[in-house]
*Asks:* 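I am attaching a structure below and will ask some questions about it afterwards.
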Amino acid sequence: MMSKKSKGTIGKRKRRLTLLMLIIAMGGCAAVADDKEGVLQIRSDRQLFIDDYLINKLTGGANKLLHHPRPMEVAITHEEPWEGSGSSFHSVFKDGDKYKMYYSAWDFTIVEGKVTDDSHPYKLCYAESDDGIHWTKPNLGLVEFNGSKNNNIVMISGKLGDVYPDLGHPVVFKDSNPNVTPDAKYKAIIRDWSVESGLKGLLAFKSPDGFKWTLMHPESVITDGAFDSQNLAFWDDARNEYRAYWRYMAGKEAIRSIRTARSDDFINWTDQADLQYGDAPQIQLYTNVIKNYHRAPQLLIGFPVRYVHREWSANMEALPDVENRRLRATGETRFGTALTESLIMVSRDRVNFHRLEEAFLRPGIERTGTWHYGQQYIAWSMVETQSALEGAPNELSLYAVEGFWGTIKKGMDALRRYTIRLDGFASINAPMTGGELVTKPFTFQGGELELNFATSAAGEIRVEIQDENGRPIPGYDLNACEPLFGDTVGRKVHWKSGSDVSALQGKTVRLRFAMKDADLYALKFQ
């Protein structure tokens, strides 16, 4: 909280008021200021270097470096008669020992120069895995398709009471609210976008098992938006509230953008706000894929899809699947020339996001099923899986669409798995010539400092703990620090006196990192 002592000037009082309003807007989250103005409270929360929250200055060759997921195997293909070339908008999460996946099944085709997706109604389908790598589609026996229930369909679009759930853009999650009732352990957000109902909004569903679903409210619970995207909601573990993120069209130019609101009961949504990105340019964002990062729940991380409009050119003609590209363009030019890729963004207050403008997941090396409209939509959201390297720590798996609109095989698209290091979205990187990071002043809770880092055999990281004025604290200066080298997601920092830093808890400190040929991904006091 802010100091109660008078600052003596109107300017300082205004700054205090602004900061207090920010803390209130953040739901009282103690991550902004300590008892002294400008001092961060990081407690024992894991801190990632995906944004500039903790960074005061970088010197020498040190810089912030964005990392990218590595492509792995195709996790699942959508080629069943009830699926098709447009199957997308996947929800992926771990539920006990089982990994679960829900997705929309639909099919895009071009008929006489016109786009059609009415070969069958949109459906919600289900797949599961024991390891997040090998996926199966169980025979659920719930919904009839072409006279048979031998399929993995959970729900189908159509009339339900006075509403018409449209399974084109669904989201499903397991509710982590500690007070959730047994009949609502699983929840879903599904749009109602029908002429018949006239509601045009988002419907709230609940389920005791993820397969038998009922409406939680007879009408749409969110109505102010466009909704033709993967709209989502979830229980925010760090704020103890539900959070929703959905599409709206901004300004006269109708820019595809993102809106948010909060709720205590999943039915009544308040504090609606449009996402802000600081000085970042306004661009078309097709999805948002926002959720708490499980290793640092105070952070919301999103993977929005960037839509890029291109024109026909010699280079466009040289991209893969040119015949299919030309065919799609007969329906609408952009379906043949537009490109999509995923960005990464992070927020601490749930409204203001730090968005990196460099692509997080590029279209990748040119091959069949890539460099086209609809590719690289990342599933909501990432999960932790075992590394392919025996003995290595777990890694994060993300899943992204490729072959959209049948660019791999007619009537089929696919979902490829990608992996990235735990906390490994971005790092503070330094070359062999060296570089330094100095943090902003902060207070912490914990007895030891742990780092997620990687160095070369000749590289190293040393850490100095400074007081609030930047003076080395005796016993924790740079020369007293034992150099860290290796490649690990968690290692304690040792000084000559040991690793214990508990005597500094609650005091305002800074950290100075001296690095060479190294990457620093995250830190945590524990």
Side-chain angles (χ1 to χ4, degrees), residues 21-22 24-27 29 88-89 91 104 163 165-166 168-173 187-193 197-205 216-217 219-236 238-239 241-292 299-307 340 342-357 377-378 380-381:
M21 291 175 66
L22 177 60
I24 293 172
M26 292 175 65
C29 179
S88 189
F89 300 117
S91 300
S104 173
V163 297
D166 171 5
H169 309 82
V171 146
V172 176
F173 68 99
K187 289 187 171 65
I189 285 288
I190 299 169
R191 76 171 186 169
D192 180 354
W193 197 252
S197 71
L199 291 179
K200 294 184 174 62
L202 299 180
L203 302 168
F205 281 79
M216 295 180 66
H217 190 71
E219 298 180 350
S220 297
V221 297
I222 296 175
T223 58
D224 188 7
F227 309 120
D228 55 331
S229 181
Q230 188 181 31
N231 314 286
L232 57 86
F234 56 92
W235 176 255
D236 186 341
R239 297 295 186 86
E241 64 185 14
Y242 293 101
R243 199 87 214 178
Y245 291 88
W246 69 93
R247 169 177 286 181
Y248 80 102
M249 308 301 280
K252 296 180 180 179
E253 298 83 6
I255 301 295
R256 293 169 177 83
S257 305
I258 304 167
R259 183 165 282 172
T260 186
R262 62 165 301 279
S263 175
D264 293 323
D265 59 7
F266 210 66
I267 303 298
N268 300 288
W269 295 87
T270 62
D271 301 323
Q272 183 172 293
D274 298 340
L275 265 56
Q276 303 296 318
Y277 308 99
D279 296 330
Q282 190 175 49
I283 59 175
Q284 303 270 11
L285 296 176
Y286 262 46
T287 56
N288 67 74
V289 199
I290 295 169
K291 201 170 188 181
N292 298 88
L299 300 179
L300 294 189
I301 294 180
F303 303 104
V305 165
R306 173 165 56 193
Y307 172 90
T340 49
S342 283
L343 306 178
I344 187 170
M345 61 186 187
V346 61
S347 178
R348 295 171 186 269
D349 68 5
R350 279 52 183 162
V351 175
N352 295 282
F353 278 76
H354 176 76
R355 191 182 74 212
L356 283 70
E357 297 309 299
Y377 280 45
I378 293 179
W380 185 68
S381 187

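Every value quoted in this text rests on a predicted model; they were computed, and no experiment measured them.
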*Asks:* Quick check: closest heavy atoms across Trp380 and Val172, and the distance to 0.1 Å?
*Replies:*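 Nearest pair, atom of Trp380 first, then Val172: CZ3-O, 3.6 Å.
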
*Asks:* Taking the six-membered ring of Phe227 as reference, does the NZ or CZ atom of Arg191 fall below 6.0 Å from its centre and within a 45° cone about the axis?
*Replies:*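 Cation-pi check for Arg191 and Phe227: fails.
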
*Asks:* On the 0 to 90° scale, with breaks at 30° and 60°, tag the Phe89-Tyr377 ring pair as parallel, tilted or perpendicular.
*Replies:*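 Rings of Phe89 and Tyr377: perpendicular, as their planes differ by over 60°.
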
*Asks:* By the ring pair (Phe, Tyr, Trp, His ring centres under 6.0 Å) test, which pairs, at least two apart or in different chains, include something from residues 251-273?
*Replies:*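 Listed once each, the pairs are Phe173-Phe266, Tyr242-Phe266, Phe266-Trp269.
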
*Asks:* Apply side chain to side chain contact (heavy atoms under 4.5 Å, CB included) to residues Tyr245 and Leu300 and explain how you reach the verdict.
*Replies:* CA-CA 11 Å; Tyr245 291 88; Leu300 294 189; 3.2 Å; yes

*Asks:* Of the non-hydrogen atoms in Met216 and Asp265, which two are nearest, and what is the gap between them?
*Replies:*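 Met216 and Asp265 have their closest heavy atoms at CE-O, 4.2 Å.
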
*Asks:* For the residue pair Arg259 and Tyr248, would you count it as a cation-pi contact if the rule is NZ or CZ under 6.0 angstrom from the ring centre and within 45 degrees of the ring axis?
*Replies:*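 Verdict for Tyr248: a cation-pi partner in Arg259.
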
*Asks:* Atom CD in Glu241, atom CZ in Arg350: separation rounded to 0.5 Å?
*Replies:*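 That separation rounds to 8.0 Å.
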
*Asks:* Could you tell me the separation between the OG atom of Ser347 and the CD1 atom of Ile290, rounded to the nearest 0.5 Å?
*Replies:*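 The distance works out to 8.0 Å.
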
*Asks:* Side chain of Gln276, backbone of Asp274: donor and acceptor closer than 3.5 Å?
*Replies:*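 Checked: pair present.
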
*Asks:* Using 0.5 Å steps for rounding, measure from the CD1 atom of Ile189 to the CG atom of Leu202.
*Replies:*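 Answer rounded to 0.5 Å: 5.5 Å.
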
*Asks:* When rounded to the nearest 0.5 angstrom, what is the spacing between CG in Asn288 and CG in Leu275?
*Replies:*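 If we round to the nearest 0.5 Å, Asn288:CG and Leu275:CG are 7.5 Å apart.
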
*Asks:* Could you tell me which non-hydrogen atom of Ala261 sits nearest to which non-hydrogen atom of Thr270, and how far apart they are?
*Replies:*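 Result for this residue pair: CB-O, 3.3 Å.
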
*Asks:* How close do Phe234 and Lys291 get, counting heavy atoms only, and between which atoms?
*Replies:*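 Reported closest heavy-atom pair: CZ-CA, 4.0 Å.
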
*Asks:* Do you know which two heavy atoms are closest between Asp192 and Ser220, and how far apart they sit?
*Replies:*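 Result for this residue pair: CB-OG, 4.1 Å.
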
*Asks:* Flag this pair as yes if the NZ/CZ of Arg256 is under 6.0 angstrom from the six-membered ring centre of Tyr307 and inside a 45 degree cone about the axis; otherwise no.
*Replies:*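 The answer is yes, since Arg256 meets both limits relative to Tyr307.
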
*Asks:* Can you find a pair of side-chain heavy atoms, one from Ser104 and one from Ser88, that are under 4.5 Å apart?
*Replies:*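 No, too far: nothing below the 4.5 Å cut-off.
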
*Asks:* Evaluate the criterion side chain to side chain donor-acceptor pair (under 3.5 Å) for residue pair Thr260 and Arg243; output intermediate values, then yes/no.
*Replies:* CA-CA 7 Å; Thr260 186; Arg243 199 87 214 178; 3.1 Å; yes

*Asks:* When you look at Leu299 and Arg348, which way does the side chain to side chain contact (heavy atoms under 4.5 Å, CB included) test go after all the steps?
*Replies:* CA-CA 5 Å; Leu299 300 179; Arg348 295 171 186 269; 3.4 Å; yes

*Asks:* Are Leu356 and Met345 packed together at the side-chain level, in the sense that at least one heavy-atom pair is separated by less than 4.5 angstrom?
*Replies:*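 They are not in contact (no side-chain heavy atoms under 4.5 Å apart), so the answer is no.
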
*Asks:* Which pair of heavy atoms, one from Pro165 and one from Phe205, lies closest together, and at what distance?
*Replies:*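 Nearest pair, atom of Pro165 first, then Phe205: CG-CZ, 3.8 Å.
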
*Asks:* Between Ile344 and Ile301, does the side chain to side chain contact (heavy atoms under 4.5 Å, CB included) criterion hold? Intermediate values first, please.
*Replies:* CA-CA 7 Å; Ile344 187 170; Ile301 294 180; 4.0 Å; yes

*Asks:* Find the distance between CD (Gln284) and OG (Ser257) and round it off to the nearest 0.5 Å.
*Replies:*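 Between Gln284 CD and Ser257 OG, I get 7.5 Å after rounding to 0.5 Å.
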
*Asks:* Under the 6.0 Å and 45° cation-pi test, does Arg247 pair with Tyr286?
*Replies:*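 Checked: cation-pi criterion met.
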
*Asks:* Return yes if some donor-acceptor pair links the side-chain N/O of Ser342 with the main-chain N/O of Val305 below 3.5 Å, else return no.
*Replies:*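 Judged by distance alone, no pair lies under 3.5 Å.
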
*Asks:* Checking Arg262 side chain against Ala244 main chain: does a donor-acceptor pair fall under 3.5 Å?
*Replies:*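 Not a single qualifying donor-acceptor pair exists.
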
*Asks:* Measure the spacing between CG of Leu285 and OG of Ser229 and express it to the nearest 0.5 Å.
*Replies:*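 Interatomic distance, Leu285 CG to Ser229 OG, rounded to 0.5 Å: 9.5 Å.
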
*Asks:* Please step through side chain to side chain contact (heavy atoms under 4.5 Å, CB included) for the pair Gln230 and Ser91, ending with a clear verdict.
*Replies:* CA-CA 10 Å; Gln230 188 181 31; Ser91 300; 4.1 Å; yes

